[in-house]
Amino acid sequence: MRNVQFLTGFALLILASSLASAFDPSPLQDICVAIDEPKNAVFVNGKFCKDPKLARPGDFFLSGLDKPGNTANRLGFSVKNANVDQIPGLNTLGISAVRIDYAPYGQNPPHTHPRATEILTVLEGTLYVGFVTSNQLNNTLIAKVLKKGDVFVFPIGLIHFQFNIGKTNAVAIAALSSQNPGVITVANSVFGANPPINPDFLAKAFQLDVDAVKDLEAKF
């Protein structure tokens, strides 16, 4: 009986261990190429840590998110980041934030965060926001008009956007579920790739004239 209990307990321990190690750690940068010689390592999946005994309040602090960003650009928006690059104490904590300012009719164009879900709160103005589901869900647009105090969630990895549909400036604060969520702006990535993607290929993919693709690539 004692052997049966031991074997049962051992089997449960093995099962629990396999479940606990079934997931890889989330990537914290776009690529992390493995090497055989540790002395040649430059990056880790995240950042190196200082001795915790040497931590100071400044490691966990950032000021300036109360100040508007410069929206005098072709899209009429500005993003101020509060991620691990600005707040070293965020390292390994899996969270960051941004302030987004929008000029009248400014937009944060279609983009995706490869490593984070985003929850956005409107502080001022009126925004039209939305995200598009994956091919498996028929690329469904889920969108809504948000006003001051409204909150909206953009699931991890899905293309999403915000557009200021008001005649006044708009402001939003967003939290993201990664210390380094990353951002891929669709138009910049496709038409601004370096080196450029073959325009003949893009013309067929987007059902456009090749000259139209070349014109778009010239703009990005």
Side-chain angles (χ1 to χ4, degrees), residues 26-28 30 65-83 94-193 197 201-209 212-213 215-217 219-220:
S26 297
L28 294 172
D30 289 346
L65 288 191
D66 59 318
K67 296 179 173 57
N70 183 8
T71 59
N73 53 64
R74 61 190 178 90
L75 293 174
F77 88 111
S78 173
V79 175
K80 283 189 175 183
N81 291 305
N83 59 41
I95 194 169
S96 59
V98 295
R99 170 185 171 135
I100 314 172
D101 289 275
Y102 314 81
Y105 308 112
Q107 64 171 278
N108 190 358
H111 63 283
T112 177
H113 301 294
R115 296 181 285 275
T117 291
E118 176 181 352
I119 182 167
L120 178 139
T121 303
V122 178
L123 301 183
E124 296 291 344
T126 304
L127 298 177
Y128 173 64
V129 308
F131 64 86
V132 180
T133 63
S134 62
N135 296 359
Q136 288 80 0
L137 292 179
N138 301 315
N139 305 118
T140 302
L141 172 64
I142 298 177
K144 189 170 180 59
V145 173
L146 304 182
K147 297 183 178 180
K148 182 176 180 178
D150 290 344
V151 177
F152 198 82
V153 174
F154 305 106
I156 185 171
L158 297 186
I159 294 172
H160 58 283
F161 61 87
Q162 302 109 34
F163 175 49
N164 181 6
I165 59 175
K167 296 180 180 180
T168 60
N169 293 333
V171 184
I173 290 284
L176 300 107
S177 61
S178 171
Q179 69 182 51
N180 184 25
V183 60
I184 301 170
T185 305
V186 176
N188 297 57
S189 297
V190 174
F191 298 109
I197 300 174
F201 168 74
L202 290 179
K204 186 171 183 178
F206 285 92
Q207 298 295 289
L208 294 171
D209 183 84
V213 171
D215 181 60
L216 287 168
E217 288 185 325
K219 291 178 178 177
F220 289 93

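In this chain, numbering begins with 1 at the start of the sequence shown.
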Quiz item: Which residues pass the side-chain hydrogen bond (donor to acceptor under 3.5 Å, both in side chains) test with Asp66, sequence neighbours left out?
Solution: none
Self-check item: Exercise: identify the closest heavy-atom pair between Ile159 and Pro110
Solution: CG2-CB, 3.9 Å
Practice problem: Taking all heavy atoms of Val153 and all of Pro155, pick out the closest pair and write down the distance. | Solution: O-CD, 3.7 Å
Practice problem: Ignoring hydrogens and angles, tell me if any N or O in the side chain of Ser177 forms a donor-acceptor pair with the backbone of Ala116 under 3.5 Å. | Solution: no
Quiz item: Is there a donor-acceptor contact under 3.5 Å from the side chain of Lys80 to the main chain of Lys67?
Solution: yes
Exercise. Let me know which of Asn169, Thr71, Asn108 forms a side-chain contact (heavy atoms from CB on, under 4.5 Å) with Asp101.
Key: Thr71
Quiz item: Is there a side-chain contact between Leu120 and Leu146 (heavy atoms, below 4.5 Å)?
Solution: yes
Quiz item: Counting only heavy atoms not in Phe201, do more than 12 fall under 6.0 Å of its CZ?
Solution: no
Quiz item: Do side-chain atoms of Thr140 reach the backbone of Thr133 as a donor and acceptor pair under 3.5 angstrom?
Solution: no
Quiz item: Below 4.5 Å, heavy atoms only, C-beta onward: do Leu216 and Leu208 meet side chain to side chain?
Solution: yes
Quiz item: Would you say His160's side chain and Val132's backbone share a donor-acceptor pair under 3.5 angstrom?
Solution: no
Quiz item: For the atom pair OG1 (Thr112) and CG (Leu158), what is the distance rounded to the nearest 0.5 Å?
Solution: 6.5 Å
Quiz item: Does some side-chain heavy atom of Tyr105 sit less than 4.5 Å from a side-chain heavy atom of Asn164?
Solution: no
Quiz item: Looking at NZ of Lys144 and CG of Leu127, how far apart are the two atoms once the value is rounded to the nearest 0.5 Å?
Solution: 13.0 Å
Practice problem: Find out whether Pro114 and Ile184 are in side-chain contact, i.e. whether some heavy atom of one side chain is under 4.5 Å from a heavy atom of the other. | Solution: yes
Quiz item: What heavy-atom pair brings Ile197 and Glu217 nearest, and what distance separates the two atoms?
Solution: O-OE2, 2.8 Å
Self-check item: Validation row: Ile119, Val151 side chains within 4.5 angstrom (heavy atoms)
Solution: yes
Quiz prompt | Considering all heavy atoms, the nearest Leu65-Ala82 contact | solution = CD1-CB, 4.2 Å
Quiz item: Taking only residues at least two apart or on different chains, which pairs with a member in residues 146-169 satisfy salt bridge (charged side-chain N to carboxylate O under 4.0 Å, His left out)?
Solution: Glu124-Lys148
Quiz item: Taking atom OG of Ser134 and atom CG of Asn139, what is their separation to the nearest 0.5 Å?
Solution: 7.5 Å
Quiz item: What about Tyr102 and Phe163, are their ring centers closer than 6.0 Å?
Solution: no
Quiz item: Is Pro68 close to Arg99 at the side-chain level, that is, under 4.5 Å between some pair of heavy atoms?
Solution: yes
Practice problem: Identify the heavy atoms of Gly182 and His113 that sit nearest to each other, and give their distance. | Solution: O-ND1, 2.8 Å
Self-check item: Exercise: identify the closest heavy-atom pair between Phe220 and Arg74
Solution: CE2-NH2, 3.5 Å
Quiz item: Any donor and acceptor pair, going by atom type alone, linking the side chain of Thr185 with main-chain N or O of Ala187 inside 3.5 Å?
Solution: no
Exercise. Could you check if a side-chain atom of Phe154 sits within less than 4.5 angstrom of a side-chain atom of His111, using non-hydrogen atoms only?
Key: no
Practice problem: Starting at CZ of Phe131, measure out to CG of Leu141 and round the result to the nearest 0.5 Å. | Solution: 9.0 Å
